[in-house]
K.L.:
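Okay, here's the structure, questions in a sec.
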There are 2 protein chains.
Amino acid sequence: MSRDDPPRQTLRVDRVVTTALDVADRDGLDGLSMRALAQTLGVVPMALYKHVANKDELLDGMVDRVWAEVQAPDPALGWREAMRRRSVSLRDALRRHRWAVGLMESRMRPGPANLAQHDAMMGCLGRSGFSFRTTVHVTSALDAYVYGFALQEKSLPFGTPEESGEAAAQKLEATPPELAAMFPHLIEVVSELAKAGYDYDEEFLTGLDLILDGVERLRPEWASADRPGE
Amino acid sequence: MSRDDPPRQTLRVDRVVTTALDVADRDGLDGLSMRALAQTLGVVPMALYKHVANKDELLDGMVDRVWAEVQAPDPALGWREAMRRRSVSLRDALRRHRWAVGLMESRMRPGPANLAQHDAMMGCLGRSGFSFRTTVHVTSALDAYVYGFALQEKSLPFGTPEESGEAAAQKLEATPPELAAMFPHLIEVVSELAKAGYDYDEEFLTGLDLILDGVERLRPEWASADRPGE
DNA sequence: ACCTGAACACCGTTCAAGT
DNA sequence: ACCTGAACACCGTTCAAGT
């Protein structure tokens, strides 16, 4: 645990993690090898192992960086707006770092930013009158939704509604008629999408608000004041 | 495209994919190397390449097997029960094949079972009076939720509520007091969980029903008969 | 205190042969 | 038609050595 003796040391670890994020953002998780990272840093692969114990510890550090980018819920906004913004912020972070989606909840040693983020969630909901049980339900439902949405979004031909409409149209055109005949309902929806385009932002917010509506009904009545004030 | 000339051929591919599923279920996606798979099949690694073009095509086949395990929505049940059961079925499949969570929607060439499943979704919702827009919203919200839930569940110390309560208790005990002081709300929730345990099934269904409630309100009024009958 | 080079046990995949 | 062996360009990581 010689983590905090010489300040230069910490600085180096930071640089390694920062560069690792850059590499993963650009080349994906597959493109992030210890060797490739070392080369980007202008150093021999083995030099990295003075700063991180192994690749897993590097990933821990990277994931906590992403957590640090997520805006904590602000109780001053009222629980609903606070949850809404933090969910949007989490999705945004996962869009900036697509490689992270599958890793955010799977780390066995959650970092400080991760803990702080979850503590803020619990605090915000508890203060707003949610019971322990309901707090857990809300967190579970919201997080599942955001992770799942990010997971789907990650691999789809992303971009503007126009671009995704275009992609749907091409897919449609490339579909042989005998296949189209087998899946008429799917074809119908895809051709609607080809015309109308697909707006991920709008889609995300629709589902998010749908869940928040549901959460509202889980809330105990005695905490009916929507504004904070403890 | 010599996929269907000799029946022996197809049989072999099936066996390769089946075995690959077994290996991945047991050893995870990391444990599934072409070399390990070959060894399990009692064959030299290169022999596999007569049956699948490459590892990616193998994964395509594996993912479609998982899709085939997912119960298609049955319009005879009414849209709500149909959606509910298919969501539960999808989660179950993802629990049996934890390696699949990140792959279900990321394949560029969706297989027949995948297409059939999505066609059934669109058909069921369309028949129940959902507009094109709403059909897309419902599918997006439900799927995001199921994938995200499965993603979280995948890595958590799974098992019975008692086991997860136990795990929470241990985590709590291992937390140094100065860390606990920094995250009081989180600690509070975890200690509640340690007492009460965490029931994943109940949690999943709570969120699912919350979303289905929300979907109900998205439905056009003119389709108010809840039973099918086209 | 930090960096290096050689080495080990792995990957997916190509290519030229074997039967 | 199917299987094989050797090889190539990669992995993460250990270990002994260098400065």
Side-chain angles (χ1 to χ4, degrees), chain A residues 1-24 26-63 99-100 102-103 106-109, chain B residues 1-24 26-63 99-100 102-103 106-109:
Chain A
M1 287 292 155
S2 60
R3 184 66 82 259
D4 40 20
D5 354 332
R8 273 179 40 270
Q9 168 82 343
T10 307
L11 215 89
R12 303 295 223 132
V13 185
D14 274 7
R15 200 164 87 86
V16 170
V17 176
T18 303
T19 310
L21 276 168
D22 289 345
V23 173
R26 200 185 54 226
D27 302 331
L29 215 46
D30 286 343
L32 178 73
S33 69
M34 295 301 267
R35 292 165 127 105
L37 175 58
Q39 196 172 20
T40 309
L41 285 161
V43 94
V44 93
M46 288 317 101
L48 298 174
Y49 288 81
K50 272 294 139 188
H51 304 106
V52 290
N54 48 39
K55 193 172 184 179
D56 221 55
E57 194 178 290
L58 175 66
L59 289 174
D60 282 341
M62 293 169 68
V63 166
W99 50 268
L103 303 176
S106 72
R107 305 282 84 194
M108 287 185 299
R109 287 180 181 267
Chain B
M1 286 290 156
S2 60
R3 185 65 81 259
D4 40 20
D5 354 330
R8 271 177 45 266
Q9 168 80 345
T10 307
L11 217 89
R12 302 296 223 131
V13 186
D14 275 8
R15 200 164 85 86
V16 169
V17 176
T18 304
T19 310
L21 276 167
D22 288 345
V23 173
R26 200 185 53 224
D27 303 330
L29 215 46
D30 285 343
L32 179 73
S33 68
M34 295 301 266
R35 293 166 128 106
L37 174 58
Q39 196 171 20
T40 309
L41 285 161
V43 94
V44 92
M46 288 317 103
L48 298 174
Y49 287 81
K50 272 292 137 187
H51 304 105
V52 291
N54 48 39
K55 192 173 185 179
D56 222 55
E57 193 179 290
L58 175 66
L59 290 174
D60 281 341
M62 293 169 67
V63 166
W99 51 267
L103 302 177
S106 71
R107 304 283 86 193
M108 287 185 298
R109 287 180 181 267

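Keep in mind it's a predicted model, so treat the numbers as computed, not measured. In what follows, chains carry the letters A, B, and so on, assigned in the order in which the sequence lines appear, proteins first and then strands, with residues in each chain numbered from 1.
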K.L.:
Please state how far atom CG in Asp27(A) lies from atom C1' in dC11(D), giving the value in whole angstrom units.
P.N.:
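My rounded result for the distance is 16 Å.
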K.L.:
Nearest 0.5 Å please: distance from the NZ atom of Lys55(B) over to the CE atom of Met62(B).
P.N.:
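If we round to the nearest 0.5 Å, Lys55(B):NZ and Met62(B):CE are 8.5 Å apart.
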K.L.:
Ignoring hydrogens and angles, write down the donor-acceptor pairs under 3.5 Å from the side chains of residues 32-42 of chain B, residues two or more places apart or on other chains.
P.N.:
| unit_1 | atom_1 | unit_2 | atom_2 | d |
| --- | --- | --- | --- | --- |
| Ser33(B) | OG | Ala36(B) | N | 2.9 |
| Thr40(B) | OG1 | Ala36(B) | O | 2.9 |

K.L.:
Looking at OG1 of Thr18(B) and CZ of Arg15(B), how far apart are the two atoms once the value is rounded to the nearest 0.5 Å?
P.N.:
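Reported value, rounded in 0.5 Å steps: 9.0 Å.
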K.L.:
Tell me the interatomic distance from Leu29(A), atom CG, to dG12(D), atom C1', rounded to whole angstroms.
P.N.:
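Spelled out: CG on Leu29(A) to C1' on dG12(D) is 14 Å.
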K.L.:
Which heavy atom of Glu57(A) sits nearest a heavy atom of Ala53(A), and at what distance?
P.N.:
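For Glu57(A) and Ala53(A), the tightest heavy-atom pair comes out as OE1-CB, 3.2 Å.
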K.L.:
What's the NZ-P distance between Lys55(B) and dC11(D), to the nearest Å?
P.N.:
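So the NZ-P distance, Lys55(B) to dC11(D), works out to 15 Å.
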K.L.:
Without decimals, in angstroms, what is the distance between Leu48(B) CG and dA1(D) P?
P.N.:
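Going from CG in Leu48(B) over to P in dA1(D) covers 19 Å.
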K.L.:
I need the Thr19(A) OG1 to Asp14(A) CG distance, nearest 0.5 Å.
P.N.:
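So the gap between those two atoms works out to 10.0 Å.
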K.L.:
In whole Å, I'd like the distance from the CZ atom of Arg35(A) to the P atom of dC11(C).
P.N.:
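Distance, rounded to whole Å: 15 Å.
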K.L.:
Which pairs, protein N/O on one side and nucleotides 3-5 of chain C N/O on the other, fall under 3.5 Å?
P.N.:
| unit_1 | atom_1 | unit_2 | atom_2 | d |
| --- | --- | --- | --- | --- |
| dC3(C) | OP1 | Arg12(A) | NH2 | 3.2 |
| dT4(C) | OP2 | Val44(A) | N | 3.3 |

K.L.:
Which atom pair, heavy atoms only, marks the closest approach of Ala20(B) to Leu58(B)?
P.N.:
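Between these two residues, the closest heavy atoms are CB-CD1, 3.9 Å.
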K.L.:
Going through the distances and angles, do Val52(A) and Asp60(A) end up as a side chain to side chain contact (heavy atoms under 4.5 Å, CB included)?
P.N.:
CA-CA 10 Å; Val52(A) 290; Asp60(A) 282 341; over 6 Å; no
K.L.:
If a stem is a run of at least 3 consecutive Watson-Crick or G-U pairs, both distances under 3.5 Å, which stems include DNA chain D?
P.N.:
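The stems are C:4-8 with D:12-16, C:12-16 with D:4-8.
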K.L.:
In whole angstroms, how far is the P atom of dT14(D) from the OH atom of Tyr49(A)?
P.N.:
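These atoms are roughly 7 Å apart.
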K.L.:
What is the separation between atom CD on Gln39(B) and atom C1' on dC10(C), rounded to the nearest whole Å?
P.N.:
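The answer, rounded to whole Å, is 13 Å.
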K.L.:
How many whole angstroms separate atom CD of Glu57(B) from atom C1' of dG12(C)?
P.N.:
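From Glu57(B) CD to dG12(C) C1': 15 Å.
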K.L.:
Go through it in stages, so that I can follow the logic: the residues are Trp99(A) and Leu21(A), the test is side chain to side chain contact (heavy atoms under 4.5 Å, CB included), and I'd like the CA-CA distance, side-chain angles, deciding distance and then a yes or no.
P.N.:
CA-CA 9 Å; Trp99(A) 50 268; Leu21(A) 276 168; 2.9 Å; yes
